[in-house]
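Since we're looking at a predicted model, the values are computed, not measured. Order of appearance sets the numbers: ligands from 1, and atoms from 1 within every ligand.
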Amino acid sequence: METKVLKPTKENIRYCAELIKSGDVVGMPTETVYGLAANAYDESAVKKIFMAKKRPADNPLIVHIADIGMLKELTTSIPKIAITVCEKFWPGPLTVVLPKSDKIPLITSGGLDTVGIRLPSNKVARELIKECGLPLAAPSANLSGSPSPTTAEHVFDDLNGSIPAILDGGSCSIGVESTVISFENDIIRLLRPGRISVDDLKTVASDVIIDKGVLEIISNDAKVKSPGMKYKHYSPKADITLVDGSIEFFENYVSERNSIDTYALIFDDDNTSEDIKSIKYGNNSEQQAERIFAVLREADKIGAKRVFARCPSKDGIGLAVYNRMLRASGFKVVKEGD
Ligand code: AMP
Ligand code: MG
């Protein structure tokens, strides 16, 4: 199958909506990462997403809507706190997990009786959803396990030949996937960190609990609240090690292990010895979020076999970058002083 990369004109959005309405899948830009979209109600269309991505069947998809009114038919009950949260953070990079209605097939929810729902702010995504008149199931548009796509080219690199079209909306402005939360009375449970931070959530909840799966290894056969968090994920082919400490510790650590196909993933302001080849990924957490997946893909393109990465900050959106880096490295972390 030929994979068309299309500018997001009205005509092309309409063309992609027709593809989706007839049961096909389409790559679409969002403000977080690119999604692979299909009619959330259509079992065989959703099956195509799992097949194209080679995604495990128990990893649920997020359902994308274009206005808050679409929430009702997807869920059986919406607690008051969920309404407050959605009104405050939507449209935007936040997914809420709620009890699912019978309209959502189990294949979409990965077999769970809940569904993750998000109203994106990206204009192209919303126009596409509106044009379809349907909620769109859309996980990240990468091959399962590899770094998420933040450009149409990344989607093409992973899925060329297995999907009919990609809408090219340019680079994603945020760069890491949405924050995923569930509700326990007035308390919010953070299942996956993203641009909407713990501090942001604390403004609307009596407390925010960080789920174990955010920072710890979850075994592949464990039952977890956010199934996507249990897989080694976001990984390039290169072997990644996170080095948590000062630049001096980092430089010594890498120097002792340096070889021809070793690279350092460092901050823009870091200066390391000329013997160490480096890739830079921003100075602050926002820049790191925006670039993290592109630099992990770049590491493969330049043939890196081993990458030593400076550990990002764990505050704000930094927690999301750290969470993705933990998984990209398979939780291989070296700490100064250990
Ligand atoms: P992706 O679309 O690739 O960003 O992955 C979606 C992720 O959202 C999943 O891997 C889960 O971690 C989370 N998610 C989606 N739906 C649910 C749900 N019903 N319950 C818990 N987590 C969910
Ligand atoms: Mg994903």
- [ ] Report the member of Thr95, Val97, Thr32 with the shortest heavy-atom distance to atom 20 (N) of ligand 1.
- [x] Val97

- [ ] Indicate whether any N or O donor in one side chain lies under 3.5 Å from an N or O acceptor in the other, for Arg291 and Thr150.
- [x] no

Open item on the list: If you compare all heavy atoms of Val25 against all heavy atoms of Lys48, which two are closest, and at what distance to 0.1 Å?
Closed with: CG1-CB, 3.8 Å

TODO: Could you list the atoms of ligand 1 found under 4.0 angstrom from a heavy atom of Gly116?
DONE: 16 (N), 19 (N)

Task: More than 12 heavy atoms of other groups within 6.0 Å of Asn185 CG - done: no

TODO: Under 4.0 Å from a heavy atom of Leu112: give me the atoms of ligand 1 that qualify, with their elements.
DONE: 18 (C), 19 (N), 20 (N)

- [ ] Please determine, by modelled atom types, if Ser148 and Glu177 share a side-chain donor-acceptor pair under 3.5 angstrom.
- [x] yes

Task: Under 3.5 Å side-chain donor-acceptor pair for Asp199 and Ser197 - done: no

Open item on the list: Please list, in number order, the atoms of ligand 1 under 4.0 Å from a heavy atom of Thr114.
Closed with: 18 (C), 19 (N), 20 (N)

TODO: Using only heavy-atom distances, determine whether the side chains of Tyr41 and Glu73 contain a donor-acceptor pair under 3.5 Å.
DONE: yes

Task: Any donor-acceptor N/O pair, Glu184 side chain to Arg189 backbone, under 3.5 Å - done: no

Task: Pair Asp269, Asn283: side-chain N/O donor-acceptor within cut-off below 3.5 Å - done: yes

Open item on the list: Between Thr3 (side chain only) and Gly161 (backbone N and O only), is there a donor and an acceptor less than 3.5 Å apart?
Closed with: yes

Open item on the list: Just by distance, no angles: are the side chains of Ser255 and Asn252 close enough, under 3.5 Å, to form a donor-acceptor pair?
Closed with: no

TODO: Could you see which bit of Arg55 sits under 4.0 Å from ligand 1, with heavy atoms only: side chain, backbone, both or neither?
DONE: side chain

TODO: Give yes or no for whether the N/O distance cutoff of 3.5 Å, strictly under, is met between Glu177 and ligand 1.
DONE: no

Open item on the list: Can you classify the ring geometry of Phe267 versus Tyr281 as parallel (below 30°), tilted (30 to 60°) or perpendicular (above 60°)?
Closed with: tilted

TODO: Run the numbers for me: atoms of ligand 1, each under 4.0 Å from some heavy atom of Ser140, listed by number.
DONE: 1 (P), 2 (O), 3 (O)

TODO: Tell me, please: is Lys100 in heavy-atom contact with ligand 1, that is, under 4.0 Å?
DONE: no

Open item on the list: Under a 3.5 Å cutoff, is there a donor and acceptor pairing between the side chains of Ser178 and Thr95?
Closed with: yes

- [ ] Could you tell me which atoms of ligand 1, counted from 1 in the order shown, lie closer than 4.0 angstrom to a heavy atom of Ile62?
- [x] 6 (C), 8 (O), 15 (C)

TODO: Please could you name the atoms of ligand 1 that Arg192 approaches to less than 4.0 Å, counting only its heavy atoms?
DONE: 1 (P), 4 (O), 5 (O), 6 (C), 7 (C)

TODO: Could you give me a count of protein N/O/S atoms that are under 2.8 Å from the Mg ion (ligand 2)?
DONE: 1

- [ ] List every atom of ligand 1 that sits less than 4.0 Å from any heavy atom of Val115, numbering the atoms from 1 in the order shown and giving each element.
- [x] 19 (N)

Task: Numbered atoms of ligand 1 (with element) below 4.0 Å of Asn59, judged on heavy atoms - done: 9 (C), 10 (O)

